[in-house]
Structures are given as structure tokens and as C-alpha cells.
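Single-structure report; data block below.
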2 protein chains.
Amino acid sequence: MCVSICHSTIPVVEDEDLGALLARIMRRLMDAEHPLLRAHGLSMWAYATLTSLAEQPATSQLALAKAIGYDKTRLIALLDELEHDGLIVRERDPADRRAQTVRLTPEGEARHAAAKADIRKMEIELLADLPPDEQGALRAMLTKLAHPE
Amino acid sequence: MCVSICHSTIPVVEDEDLGALLARIMRRLMDAEHPLLRAHGLSMWAYATLTSLAEQPATSQLALAKAIGYDKTRLIALLDELEHDGLIVRERDPADRRAQTVRLTPEGEARHAAAKADIRKMEIELLADLPPDEQGALRAMLTKLAHPE
DNA sequence: TATTGTTATACTCTATAACTATA
DNA sequence: TATAGTTATAGAGTATAACAATA
């Protein structure tokens, strides 16, 4: 869209779609985050998995897949790797022998904590474009939108 | 992470990573947006393309690819479709006959406007989880983060 | 019969390199 | 030589269905 002012035609930038804004920010964030995770030998989904398990062990792989919004069939190969690397442990649930519980090993906890520390530092730099009081407000708003009742 | 309070152990939910929050919101947004776009016969990238062209015609396909953050090789098939559907026009630049300019047709403008109207309505519903004064603040903050100087 | 974990398969998306025509 | 557009191909990511073990 353009508008004529003082005999010249200049482009007017309208409000962007929410999706466009978030996509831009996500790309910035991912571009900064990928090398950090790579340095810790983790993929994005591996980190998401460790994060979920750090907060709460999984009662089954299916529950874990749902918790992080990942496909249960793809989770298998991912857990295979994490188990092979000694970051997680899978154990049959005695109560329901179909299910496997998943939890972090001490190495898994340490790896997650180390990666998270680096990511938090990066986030602080990224948010430095905003005044300090807005940073907390933003986090609160995003949390509300991410977890609708 | 857990903490013991009054002889019981309850999980403590720490602040989520910014990436996790944004990913959740993005998924919500995309889940709502996909059916709307499909109703208008547009893919996500097709909509992004129309949005960019609605604001400003492209001096070349390469410039368009960069503007929307899409791969120039994949853009070609997308533009082929949009052109076939009569939504855009490609024209050789007389000044540089290697380049092709890209602009919307009237049909393209109409299709974009119709899709955008639906998407804006959806965004308003999604943001209704926030008090009105926070909605504007959020948009301002996201715009700042999406366009760093 | 339904569910968990698993495997296999097909499909889409994405990244890379190479080719042409213009500059 | 460098750039815009294009094509082809290989790789990663994703979705679907089917199977064995257990409930």
C-alpha cells in the first residue's frame, strides 16, 4: 500500500501479521540457538526432550511425545540416541509392562543444565533491545498466550 | 526440578525458555491459520509472498526471496503457481534483462485482502486472553524484536 | 478391543550444486 | 567474472499405516 504526501509516493508499512512477527523472532532465536546446542551435541528436539524430563520424568514415551508436541514414532530414534549417549534411562513400567518410563541420568541433567545456561545468556542479549521493565512483561504475556486455559 | 515443602514433594515449573514459549504460540497460531488459508487456496508461503507484494512490488525474484526469508529456488515453483492462478505477474526488467519483476494482479490484491481479513479476526480472538492495553504493548514489543536495528 | 512401542514406507520440505542467459 | 533465474538431485524432516506385546 502507498500514499501520496507532498507530491511523492512512499510505501506505508502497515502492522504486520502476528504470525509474520513471531516467525521473524523465531528465526532470530533459532539462528542464535542452533550453534549453542550443537556445541553441547544436542538437536532442538533433543533439548526439548531433556527440558521436559528435567521438569518431570515421563511415565511413558507417548506421554513424553505429547508433552513436547513431537511425533511418537520419531521420538523413538531420538530416545535411542539419548540413551546411547547416557543422557536418559528407559525402564519398563512394572504396573503396565507395555509402557516405558523415561528419566534423566545425572549426565543428562548436567548436559541439560549446561545447554540451558548458554541459551538463557543468549536470550538476555536478544531481549536487551527492550527496556528491562518490558522484558518481564513480555515474558508474562507470552506465558499466558502459550498456556491458554 | 522438585522441592520439598511440608513433607510433600511437588514439581516446580520454572520459567520456560523463550524459544519454548514462542514455539507453543506459533503452533497455536498456525493451527488456527492453516484452515483459513486453505479456504482461500493459499499456502503459508503463498500468503507471505502476497503480503510482501501487497506492501511493495519486487524488483526481482531474488529480492522477493530475501524479503520473505524464503529460498530462491523454491520460490520459483511457488511463483509459477501464483502466476498460473492469475494472482501475480512476472515481467522482465528492461534495465536488467536477467531479472524479473513481480507484482500483484487485482485478483491477487483481492485474494490477499480477503485472507488477511480472516487472519486478523483470528488473531484478535487469540489475543483476547490478554487485557486490551497489553495487546498493543505486546505488538509493539514483538515488532521491536522482529526488526532489530 | 484398545494401547504402547516399534518398524517400514511414502511423502514433503529443504539445501546444494550446476546450468543458461545476461551483465 | 559475477549475478538472476532455473533445474535436478540428494538429504532431512514428516506423516501414515501396520505389526507385536500387553492391557
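A note on names: the letters A, B, ... follow the listed sequences, proteins ahead of strands, and every chain is numbered from 1.
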CG-CD1 distance between A:Leu78 and A:Ile68, expressed to the nearest 0.5 angstrom: 7.0 Å
Backbone of B:His40 reached by a side-chain donor or acceptor of B:Arg111 within 3.5 Å: yes
Contact under 4.0 Å: A:Arg74 side-chain N or O vs D:dG13 OP1/OP2: no
5' priority, DNA chain D, between A:Lys72 and A:Arg97 [closest heavy atom]: A:Lys72
Touch class at under 4.0 angstrom, heavy-atom based, for B:Leu62 against every strand present: sugar-phosphate
Separation of atom CD in A:Glu91 from atom C1' in C:dT4, rounded to whole Å: 17 Å
For atom CG of A:Leu75 and atom P of D:dG13, their distance in whole Å: 15 Å
Donor-acceptor under 3.5 Å (B:Ser52 side chain, B:Ala48 main chain): no
Pairing string, 5' to 3', for DNA chain C - Watson-Crick or wobble contacts under 3.5 Å, brackets [ ] where pairs cross, | to another strand: |||||||||||||||||||||||
Per A:Ile76 side chain, nearest of listed nucleotides D:dG5, C:dT7, C:dT4: C:dT7
Length of the CD-P vector between A:Gln61 and C:dT3, whole Å: 17 Å
Length of the CG-C1' vector between B:Asp96 and C:dA23, whole Å: 6 Å
Distance in Å, A:Thr73 OG1 paired with A:Asp71 CG, rounded so as to fall on 0.5 Å steps: 3.5 Å
Side-chain heavy-atom pair A:Thr101, A:Pro57 within 4.5 angstrom cut-off: no
N/O (side chain, B:Arg98) to phosphate O (OP1/OP2, D:dG5) under 4.0 Å: no
Distance, rounded to the nearest Å, where A:Glu81 contributes CD and D:dA12 contributes C1': 13 Å
Nearest-Å distance for atom pair CZ/P, residues A:Arg38 and D:dA12: 12 Å
Donor-acceptor pair, side chain of B:Gln135 and main chain of B:Leu130, under 3.5 angstrom: yes
Sugar-phosphate only, base, or nothing, as touched by A:Asp71 at under 4.0 Å among non-hydrogen atoms: base
Nearest-neighbour nucleotide for the B:Tyr70 side chain, D:dT7, D:dT14, C:dT14 considered: C:dT14
Rounded interatomic separation in angstrom, taking CG from A:Leu79 and C1' from C:dG5: 11 Å
Contact under 4.0 Å: B:Arg90 side-chain N or O vs D:dT6 OP1/OP2: yes
Ionic contact status for B:Arg98 with B:Asp93, cut-off 4.0 Å: no
Nearest-Å distance for atom pair CG/P, residues A:Leu78 and D:dA12: 15 Å
